[in-house]
Amino acid sequence: MTSTLEDQRRSAGIAAYDLLERPPRRDLVALVELAALVCDVPMATINLITEAHQHQVAAVGFDASVCRREDSMCAVVLDGDTPIVVTDARLDPRFQDNPFVTGAIGQVRFYASHKLVTPAGVAIGTLCVFDTEPRELDTAQVGALATLADRVVDVLELSLTSRRLAESLAQVEESNQRLASFAGQVSHDLKSPLTSVAMSLEMVHDHLAEGADPQEAQWLVERALQGSQRMALLIDDVLDFARVSGSLKLGDVDLGALLDDVLVDLESALADVSLEAGALPTVPGDQVQLRALLQNLVGNAAKFRVPGRAPAVHVGAHPTATGWRVEVTDNGPGVPAAERERVFLPLARASSSVDGSGIGLATCRRVVEAHGGAIGLDEAPGGGTVAWFELPQ
């Protein structure tokens with residue numbers, strides 16, 4: 001069976017309600033029971049119709065099951081007007097050869113259904129009532145069937161909203177926990193240079209009061225300045241991390257030109273590095289954020305080194321099915337496979353022997369995810385790390 005766009009929308013709508021792989025829900029069964037009672041029939045069901053199957057997700061009077069879509073009576077009328085009321089299906093050309101009528105699957109005679117239409121206007125299935133004997137419905141019963149079909153959709157929408165709200169609350173709670181942990185770690189990391197600054201200044205004060213050697217006093221002042229500089233760098237990194245969000249100033253960004261600017265900024269860090277750069281694409285994105293991304297990755301590639309090995313970095317790109325993949329490859333010590341996810345967490349550092357706040361890769365991840373892409377680390381051939389990110393075109 002060829003899938004149409006409407007079939008795809010229908011299947012997506014059904015998947016959102018998350019019913020097909022679960023036991024029948026009591027609230028839906030109650031609505032089906034009410035439909036059977038109001039219409040004075042022994043059997044009723046809620047049918048959800050995907051591209052290939054009919055799923056009876058709640059039923060009364062028989063055991064719910066799954067059948068092929070081509071065997072479904074409701075699938076025949078799903079794209080027509082509603083409601084459908086058929087006194088004797090054997091006499092209706094739409095149904096007289098259907099296996100639910102002929103006896104191959106069932107002995108349906110009376111059949112009535114009303115479409116289940118989502119707020120987006122997609123008919124995902126039907127509320128269906130039937131009997132093995134011919135019968136009729138009066139106007140009030142037809143109206144009640146329509147009302148109950150609407151209530152089925154209301155129940156599904158309420159459940160969907162509740163589930164999404166619960167997921168959002170869980171995400172907020174998780175975010176709050178990460179923020180609390182992040183704030184605690186930042187506080188801890190700021191205390192170390194602050195303590196060093198305070199101790200150095202206190203020693204300067206004591207030494208000056210005792211007529212200390214000017215060279216020793218100068219060394220203590222320099223030590224205090226270094227501590228304050230470490231604090232300033234950490235604060236800058238924290239602010240950069242906080243600024244990155246899903247709010248982008250989009251435009252066409254030439255990553256090649258952006259890399260040229262980054263290499264100028266990193267000139268001192270790359271002074272003894274053998275760097276090769278291939279052609280980089282132009283992609284839609286936020287120029288400021290993508291520059292921060294490239295600067296972090298190239299800076300990291302130059303920073304992590306193996307003693308005795310001349311540092312080398314290669315930057316290149318190739319197209320993917322949905323956009324571009326950019327890779328920054330180094331010949332440094334590499335990152336163990338077990339650590340490649342952890343190092344993207346705020347304040348997680350790949351090595352304590354290299355200066356840094358541990359916020360750079362976390363910022364890179366936020367930039368890439370804000371652009372709808374992905375980022376990761378792989379092992380480079382011959383040793384080292386391939387830091388890659390993929391962006392949609």
Side-chain angles (χ1 to χ4, degrees), residues 1 3-4 6-39 41-80 82-86 89 95 98-101 104-108 110-132 144-167:
M1 178 180 295
S3 173
T4 66
E6 189 64 18
D7 288 333
Q8 294 170 10
R9 293 180 65 206
R10 182 175 296 125
S11 293
I14 291 171
Y17 292 128
D18 192 24
L19 294 171
L20 302 189
E21 303 300 326
R22 298 183 179 275
R25 285 173 33 175
R26 293 178 61 184
D27 50 359
L28 297 180
V29 171
L31 287 170
V32 168
E33 291 175 343
L34 185 57
L37 179 64
V38 168
C39 294
V41 296
M43 293 171 282
T45 183
I46 293 172
N47 293 319
L48 299 183
I49 300 173
T50 62
E51 297 175 58
H53 295 93
Q54 171 182 273
H55 300 260
Q56 294 168 335
V57 297
V60 62
F62 67 102
D63 293 330
S65 62
V66 179
C67 72
R68 300 184 306 166
R69 175 170 172 159
E70 51 263 40
D71 292 335
S72 165
M73 296 178 69
C74 291
V76 174
V77 295
L78 190 59
D79 294 325
T82 199
I84 301 294
V85 180
V86 178
F95 305 117
N98 188 279
F100 278 96
V101 177
I105 297 178
Q107 298 282 348
V108 173
F110 168 74
Y111 166 81
S113 68
H114 198 289
K115 288 192 292 189
L116 305 175
V117 181
T118 71
V122 179
I124 58 172
T126 65
L127 174 61
C128 168
V129 296
F130 53 96
D131 196 350
T132 56
L145 185 63
T147 298
L148 289 172
D150 290 341
R151 297 297 77 76
V152 169
V153 176
D154 289 344
V155 167
L156 295 179
E157 281 293 308
L158 180 60
S159 176
L160 176 60
T161 300
S162 298
R163 189 170 72 251
R164 287 175 174 171
L165 178 59
E167 291 171 353

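Atom OG1 of Thr50 and atom CD1 of Ile124 lie 11.5 Å apart (nearest 0.5 Å). Once rounded to the nearest 0.5 Å, the distance linking NE2 of His53 with CG of Asn47 reads 13.5 Å. Within the model, atoms OH of Tyr17 and CG of Leu48 stand 9.5 Å from one another, a figure rounded to the nearest 0.5 Å. In this structure, Cys128 SG and His114 NE2 are separated by 13.0 Å, a value rounded to the nearest 0.5 Å. Taken from CE in Met73 to CZ in Phe95, the straight-line distance is 5.0 Å, to the nearest 0.5 Å. One distance of note links CG of Leu34 with CG of Leu145; it measures 10.5 Å at 0.5 Å rounding.
Across all their heavy atoms, Cys74 and Gln54 have their closest contact at CB-OE1, 3.9 Å. The nearest pair of heavy atoms linking Ser159 to Arg25 is OG-NH1, 3.1 Å. A pairwise comparison of heavy atoms in Val77 and Ser113 identifies CG2-OG, 4.2 Å as the closest pair. Nearest heavy atom pair, residue Ala58 against residue Pro24, reads CA-CB, 4.5 Å. When all heavy atoms are compared, the tightest approach of Leu116 to Ala149 is CD2-O, 3.5 Å. Of all heavy-atom pairs between Val129 and Ala44, the closest is CG1-CB, 3.7 Å.
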Quiz item: Could you walk me through whether Glu6 and Val122 pass the side chain to side chain contact (heavy atoms under 4.5 Å, CB included) check?
Solution: CA-CA 8 Å; Glu6 189 64 18; Val122 179; 4.0 Å; yes

Task: Full working for side chain to side chain contact (heavy atoms under 4.5 Å, CB included) between Arg10 and Asp7 - done: CA-CA 5 Å; Arg10 182 175 296 125; Asp7 288 333; 3.0 Å; yes

After noting the C-alpha distance and the side-chain angles of Ile14 and Leu19, does the key distance pass the side chain to side chain contact (heavy atoms under 4.5 Å, CB included) rule? CA-CA 8 Å; Ile14 291 171; Leu19 294 171; over 6 Å; no

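When each of Val41, Val101, Ile84, Asp131 is paired with Tyr111, the side-chain contact (heavy atoms from CB on, under 4.5 Å) condition holds for Ile84 and for no other. Considering Leu127, Thr82, Asp79 in turn, Thr82 is the only one that fulfils the side-chain contact (heavy atoms from CB on, under 4.5 Å) rule with Lys115.
Taking the side chain as every heavy atom from C-beta outward, Val86 and Phe130 never approach each other to under 4.5 Å. At a threshold of 4.5 Å between non-hydrogen side-chain atoms, the residues Val153 and Val117 do not count as touching. Looking at heavy atoms from C-beta onward, Arg69 lies in side-chain contact with Ile49 at the 4.5 angstrom threshold. Within the 4.5 Å cutoff, no side-chain heavy atoms of Val60 are placed close to those of Val29. In this structure, Leu156 and Leu28 have side chains that are in contact, with non-hydrogen atoms separated by less than 4.5 Å.
A 6.0 Å sphere centred on CZ of Arg164 holds no more than 12 heavy atoms belonging to other residues, nucleotides or ligands.
Judged by distance alone, with hydrogens and angles left aside, the side-chain atoms of Asn98 form a donor-acceptor pair with the main-chain N or O of Asp71 at under 3.5 Å.
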